[in-house]
Amino acid sequence: MDIVLEHFNPKGYEGDVVLLYGNEVADRALPLSKKELDWLKANREAFSADRQDLTAGKQTDKTCLVRFDRLPYHLYVVCFDGEAPQPVAQERLRRAADRVVQMLKADRPSPSTQGLDAGQLSVAVTGVGVIAEEVVAFVEGFMLADYAFDRYKSSKPQHVEKMVVDEAFLSEEELERSVRLWKEIEWCRDCVNLPVADLNADLFASQLSQRADSLGVECTLFDKRKIEALRMGGLLAVNRGSVDEPRLVVLEYRPAKPVNERPLALVGKGVMYDTGGLNIKPDDYMREMKSDMAGAATMAAVLFAAAENCLPVHLVAVLPLTDNRPGFNAYAADDVLTMYDGSTVEVVNTDAEGRLILADAIAYAVACYAPELIIDAATLTGAAVRAIGTYGIAAMQQHAENPFNLLRIMGNQVYERIVELPLWDEYDSLIESDVADIKNCGIAQAGAITAGKFLAHFAKQTPYIHLDIAGVAFFSKKQDYYVAGASGYGIRLLYAFLQTYDMTIGEVRSKN
Ligand code: BES
Ligand code: MN
Ligand code: ZN
């Protein structure tokens, strides 16, 4: 979808128009007759979607969507509560945007029969009683909801090709910065949706390195021999049952005047496919495991977006890539691995593979970059999904209270929310091993936490935040503007965090 800023008058516009109607201060500006306006006001309540949702307290979402025929076009009026707190108003507009996308497509099922430009779905957006942030949120929801992974479809589903946004609301520069972020989300979704047959560790690594080159991001690519030389026992063990070699990709974005002296490390789980290995996943549990590299794709997307928009934060992304298979010489339960940092790990279950490759990546970041903060993103545990479902990220932190709080705040702002699980000392006993320093999984209880504990062991004293995105990275069915399939969930969160990162940076440093 192309987005362009234009000046336009909704009363004379030839085409479909969306009008965001926040409050009633400027009724005369509306392209509606007095009768229509009276009707709209009278029915506003009745049309409201009665959904009790969104943050603390029960705030009913009374956003309503009304379509007026202006044949051959339509006018879509989104009535929303302009008085609601900003994060809530913005989220309602993202969700309303999804409803507009669905309605728009239903209204133009077959463009060629309409006498309009064949295949060219386009729409213009304006509003009254609405602020720039709300318009941006609407366009964001619209972009995200209009995404489709249609690479393998012979007949492509309909898309909105062009969106005109009323230039009264934002500048070209502001729009472009947002569009760059949204394009990264689309790129991430594409990567995660691709099956392993078409995106293995080698192909993904090459794509990362090509993209890095074109964006002026430094990229170091480690092949199997170099990973062996580094003695990354976790990554190598997980890779042993696969014919595809592992890769380790390190991306570095170093802005001219960074706010941080030492880099912020972003680590992402890149299991290209998770069969479970010899502890093979039964029945349907293997479905959707092409998404097990979502953490790596998320962190790459965040770093690329930061680079494209010149955010002043020095970033390093460490991305371990391999699939997890039960092939020929696959690693087995009872194996003892020596990890990059020298720790030994007893393998209890080969399906707890993510933490093994992440452990090496985290330890590598600590040893080679001395980062002031490490954040990882990983589709790590079914336990995280069971704990909070698909409405947020199960998050943990060690020595990183301040940045964690900032992340929580930004999560509420952009509606990609995190909830903290504890990393209390008592949980250490669950991953104590009889034969090695630590084992790769504990008992059935507290599965998301013992996974976090395992990783925290490798972060040592470095402030560390762990994001278990297993519940949100890939949706089996559409969830508002997150279409079915890969979501890109967490990219907006981390980008927003980076935009305000210097707010806590002092405190992070003084802790070390
Ligand atoms: N990739 C999975 C976790 C997962 C499950 C992600 C469902 C998305 C949806 C991970 O590698 C895994 O298999 N975890 C095991 C760990 C267990 C063996 C300790 C799990 O959660 O069952
Ligand atoms: Mn697994
Ligand atoms: Zn996995």
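In each ligand, atom 1 is the first atom listed, and ligand 1 is the first ligand listed.
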For [atom], find the nearest protein heavy atom and state the residue, atom name and distance (0.1 Å precision).
| atom | answer |
| --- | --- |
| atom 2 (C) of ligand 1 | D274 OD2, 3.5 Å |
| atom 19 (C) of ligand 1 | C441 CB, 3.7 Å |
| atom 1 (N) of ligand 1 | D292 OD1, 2.9 Å |
| atom 10 (C) of ligand 1 | L380 O, 3.2 Å |

Is E353 close enough to the Zn ion (ligand 3) that one of its N, O or S atoms comes in under 2.8 Å? yes
Hey, is there an N, O or S on L380 sitting under 2.8 Å from the Zn ion (ligand 3)? no
Which word best sums up how the rings of W424 and Y427 line up, parallel for under 30°, tilted for 30 to 60°, or perpendicular for over 60°? parallel
Any idea how W187 and F204 line up, ring-wise: parallel (<30°), tilted (30 to 60°), or perpendicular (>60°)? parallel
The one among M286, E288, M289 that brings a heavy atom closest to atom 8 (C) of ligand 1: M289
Proximity winner for atom 12 (C) of ligand 1, if only heavy atoms of D468, T350, V472, D351 are counted: D351
Can an N or O of [X] be found at a distance shorter than 3.5 Å from an N or O of ligand 1?
| X | result |
| --- | --- |
| E353 | yes |
| G382 | yes |
| T381 | no |

Hey, are E134 and Q86 close enough side-chain-wise for a donor-acceptor pair under 3.5 Å? yes
Would D376 and Y464 count as having a side-chain donor-acceptor pair, cut-off 3.5 Å? yes
Specify which N/O/S atom of D292 comes nearest to the Zn ion (ligand 3), by atom name. OD2
The Zn ion (ligand 3) -> D274, closest N, O or S atom is OD2
Side-chain heavy atoms of [X] within contact of [Y], under 4.5 Å:
| X | Y | result |
| --- | --- | --- |
| K281 | D351 | yes |
| Y364 | V250 | yes |
| R151 | L194 | yes |
| D190 | F149 | yes |

Is it the case that the side chain of D360 and the backbone of L235 share a donor-acceptor pair, with hydrogens and angles ignored and the cut-off at 3.5 Å? yes
Among the N/O/S atoms of E353, select the one at the shortest distance from the Mn ion (ligand 2) and name it. OE1
Tell me whether the Mn ion (ligand 2) has D274 as a neighbour, meaning an N, O or S atom of it below 2.8 Å. yes
Pairs involving residues 438-457, ordered by first then second residue, that meet salt bridge (Lys or Arg N to Asp or Glu O under 4.0 Å) (sequence neighbours left out): D428-K453
So H466 and R355, side chain to side chain contact (heavy atoms under 4.5 Å, CB included) or not? Walk me through it. CA-CA 11 Å; H466 165 53; R355 62 199 77 180; over 6 Å; no
Determine, using heavy atoms of R355 and all atoms of ligand 1, whether some pair is separated by less than 4.0 Å. yes
Close-contact set for ligand 1 against [X] heavy atoms, below 4.0 Å:
| X | answer |
| --- | --- |
| K281 | 12 (C), 13 (O) |
| N349 | 18 (C) |
| A470 | 6 (C), 8 (C) |
| T379 | 1 (N), 2 (C), 3 (C), 6 (C) |

Do R189 and Y147 form a cation-pi contact, if we require the NZ or CZ to be under 6.0 Å from the six-membered ring centre and within 45 degrees of the ring's axis? yes
Using a 4.0 Å heavy-atom threshold (strictly under), name the region of K269 that reaches ligand 1: side chain, backbone, both or neither. side chain
For the OH atom on Y152, are there more than 12 heavy atoms of other groups (residues, nucleotides or ligands in this structure) within a distance under 6.0 Å? yes
